[in-house]
Number of protein chains: 2
Amino acid sequence: MPELTVSSVLTAERSVGIREVARLSGVSIATVSRVFNDAAAVNPETRERVLEQAQALNYQPSSLGRNLVRGRSELLGLIVPNVAFPLYGEMIGGIEEVLGREGMSILLALSHDNVDSEFTAAQHLLRHAVDGGIIINSRLGLNAPLPAPRGLNWVQVAPEHTGTPHRVELDNEAGGRLAALEMLGLGRRRLAFVGAPGRESADRERGFAAELRRAGLIYRRAQGDYSEASGVQAAGELLEHNAAVDAVFVAGDLMAAGVLRALHQRGLRVPEAVAVVGFDDAAIASLLYPRLTSIRQPARAMGTAAAELSLRLLGGHRTEPITFPPELVRRESTGPPSRLSARHF
Amino acid sequence: MPELTVSSVLTAERSVGIREVARLSGVSIATVSRVFNDAAAVNPETRERVLEQAQALNYQPSSLGRNLVRGRSELLGLIVPNVAFPLYGEMIGGIEEVLGREGMSILLALSHDNVDSEFTAAQHLLRHAVDGGIIINSRLGLNAPLPAPRGLNWVQVAPEHTGTPHRVELDNEAGGRLAALEMLGLGRRRLAFVGAPGRESADRERGFAAELRRAGLIYRRAQGDYSEASGVQAAGELLEHNAAVDAVFVAGDLMAAGVLRALHQRGLRVPEAVAVVGFDDAAIASLLYPRLTSIRQPARAMGTAAAELSLRLLGGHRTEPITFPPELVRRESTGPPSRLSARHF
DNA sequence: TTGTACGCGTTATCAA
DNA sequence: TTGATAACGCGTACAA
């Protein structure tokens, strides 16, 4: 068997076009086009005939031709750091829901948390003439902007740098306040924070610190990198020297999983001895033992909001940045301090 | 400000085309095309001039026009049940890696574990003239095939129904055998299985059962649906009537999380009293307490394999279905039976 | 080495 | 209500 080239395979049986349908239904291609765009008036009988033929030939208007003449692609570019992180998955789910409704598709690119590949990914998407773009957790900022010809707009979800016009964000500071208030409300007074690099963690800490200040308290802090291992490590630091900590606010659920593990290993009961509040309310939060109280980031809603923003920009409308309020999801890792509980931890 | 229509916005400042570049560099569009496809010979000086102008105008050849004339889109369609499940995310990562290398992009669609939306998603992708397609966990089979004109090929990753020509799969049966051997090797003799609907779980059970038969053992079984809650429930059923179970093989990690929880709640130590083996080795496996021993599904490698298969098909080559061997990842949830351990569980 | 001209599949304008 | 026909942006025979 001779080796075939790519093009020979694909063009071997080029898909049936508008001409074919027109010819076999005895009308002009213009009429077929009209039938499929049901814009202008078409004689019901003619329409019927055309639709029938199209069905028989299994004809589908080609987006390629249509987009060429229209100057749009019905594609929306989406750049995500990675897809293995469930929170991003939820956002994508929200985006897809809205876009699907409008008949648009998602052109996906991964940035791997890397500024350079963010940029090249954007260029890649642009070559496909995407009508708009959404980028999650972008590190690109105003001084190093995303490429955007033709008045194309990028909507940024939780960008690292502020200042870009189209944004969907979580009020991270409010999230930090929620965590603090939960712990203070439970009577905890020896609080700690586990942070990570980046603006989001900083904002979360700022809110947390503000509430503690109001209560006249200080807090211990340790730094991680959002990984579970760093959570174990951070908890270790916080607890050494017999430090008396009775509540830990962790800037990410994965790190919180590490904190829980470190507490288990030291035989400290959660929440009786130490309460723990995570952040994101990722899927793992409710799988941990005990189930983790966490500050919920409405990822799916943020996705739909980003998609809607993108659509509005596409329509030439003006938009405002959107900030979502966080929400505390109370589970088993927070509760009143006690030594009388029947819990194992 | 007057409301603008979509088209008015996008065409307002239509991107610079090949004509513009040709005119300003004093050559024909054919030459510009040649420069950008470096196919034919072009005078170095001319090439330089064109490239310069292109740079100045920030010209990028439009995929729309290029694809139209070439009959390909450099797009690969990808249909996934959802994106929030980390295993899929890993696969997508693998796919993207291979495709990016070839300059191809991913057109993403979600099937929501639904046969109908699988089909419509495929049609959607086809309208964009994707050059090939990958579908994960498809429920479509030979009798209800995927739409595929123009000799387009779909590569199926872990399809529910067998018989489709281009497949990438895990040897689930071997996975079941691995789980059984691990438990038997630890001296466990009172085994149980928690299954779920579908072929994958059935295959896993078949391998598990085969090894037990060889050892002259029977096992208890309970049925779940891959959710954590169903794992809790299933474990409850297995343990009622004081049933003596000392090892549980669970067809999915999420369910295994539920099984662990149920064991904790009954005060049964893992792995001392009961050993647990999960399946998939999803990201959560190593976050559970204790860390879950699991049968690893090399998701990323399966993704790259699917993408490479797709590329080979695109090139007109013949291919064989690929089956990956599973691997047991031993963590804390399996170990010798003992009552002397210092573990809390 | 370069240019002319056609075609890719569609929409949209204009005339019929 | 319909049909010619001119775009859309590009690649590529073929001719020069």
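Owing to the predicted nature of the structure, the values given are computational and were not obtained by experimental measurement. Residue numbering restarts at 1 for every chain, and letters A, B, ... go by the order of the sequence lines.
Here D:dC10 is the nucleotide among D:dC10, D:dA7, C:dT1 with the atom lying nearest to any side-chain atom of B:R66. Of the candidate nucleotides C:dT11, D:dG11, D:dG3, D:dG11 has the atom lying nearest to any side-chain atom of B:I18. The listed nucleotides are C:dT1, C:dG3, D:dG3; the one nearest the side chain of B:T46 is C:dT1. In the set C:dT11, D:dG11, C:dG3, the nucleotide with an atom closest to the side chain of B:S28 is C:dG3.
Among residues two or more places apart in sequence or in another chain, the side-chain hydrogen bond (donor to acceptor under 3.5 Å, both in side chains) test is passed with B:T46 by none. Under the rule for a side-chain contact (heavy atoms from CB on, under 4.5 Å), the partners of B:Q53 that lie at least two apart in sequence or sit in another chain are B:V21, B:L24, B:S25, B:L57. Residues that satisfy the ring-ring contact (aromatic ring centres under 6.0 Å, His included) test with A:Y59, not counting sequence neighbours, are A:F36. For the side-chain contact (heavy atoms from CB on, under 4.5 Å) test, residues two or more places apart in sequence or in another chain that qualify with A:E48 are A:E52. Under the ring-ring contact (aromatic ring centres under 6.0 Å, His included) criterion, A:F85 pairs with A:Y88, not counting sequence neighbours. By the side-chain contact (heavy atoms from CB on, under 4.5 Å) test, B:Q60 is found to be paired with A:R127, residues two or more places apart in sequence or in another chain being considered. Evaluation of the side-chain hydrogen bond (donor to acceptor under 3.5 Å, both in side chains) rule for A:R49 yields no partner, not counting sequence neighbours.
The separation between B:E20 atom CD and D:dC8 atom C1' is 15 Å, rounded to whole Å. Residue B:L68 contributes atom CG, which lies 14 Å from atom C1' of D:dT12 at whole-angstrom precision. The separation between B:R72 atom CZ and D:dT12 atom P is 12 Å, rounded to whole Å. As a whole-Å value, the separation of A:N43 CG from D:dG3 P is 11 Å. The CD1 atom of A:I29 sits 13 Å away from the P atom of C:dA12 (whole-angstrom rounding). Rounded to an integer number of Å, the gap from CZ of B:R70 to P of D:dC8 is 21 Å. The interatomic distance linking A:R23 (CZ) with D:dA4 (P) rounds to 15 Å, in whole Å. Going from atom NE2 of B:H128 over to atom P of C:dT10 covers 14 Å, rounded to whole Å.
Close to C:dG3, at under 4.0 Å from its OP1 or OP2, lies a side-chain N or O of B:T31. Between B:R19 and D:dC10 there is no side-chain N or O to OP1 or OP2 distance below 4.0 Å. The phosphate of D:dG11 (OP1 or OP2) has a side-chain N or O of B:N37 nearer than 4.0 angstrom. The phosphate of D:dG11 has OP1 or OP2 within less than 4.0 Å of a side-chain N or O from B:S33.
Taking the C1' atoms of five terminal pairs at each end of the helix from C:dT1-D:dA16 to C:dA16-D:dT1, the two resulting helix axes are inclined by 40°, rounded to 10°.
The residue among A:G65 and B:V42 whose nearest nucleotide of DNA chain C lies closer to the 5′ end is B:V42. Residue A:R49 is the one, among B:L64 and A:R49, whose nearest nucleotide of DNA chain D lies closer to the 5' end (criterion: closest heavy atom).
Ionic pairing of B:R199 and B:E169 is present here: one or more N-O contacts between side-chain nitrogen and carboxylate oxygen are shorter than 4.0 angstrom. Salt-bridge check for B:R101 with B:E97: passed, with a basic side-chain N closer than 4.0 Å to an acidic carboxylate O.
Heavy atoms of B:V27 sit under 4.0 angstrom from primed sugar atoms or phosphate atoms, though from no base atom. Within 4.0 Å (heavy atoms only), A:Q60 reaches sugar-phosphate atoms of the nucleic acid but no base atom.
Of all non-hydrogen atoms in B:V130 and B:L76, the two that sit nearest each other are CG1-C, 4.2 Å.
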Using a cutoff of under 3.5 Å, can you pull out all pairs of nitrogen or oxygen atoms linking the protein to nucleotides 13-16 of chain C, with atom names and distances?
none

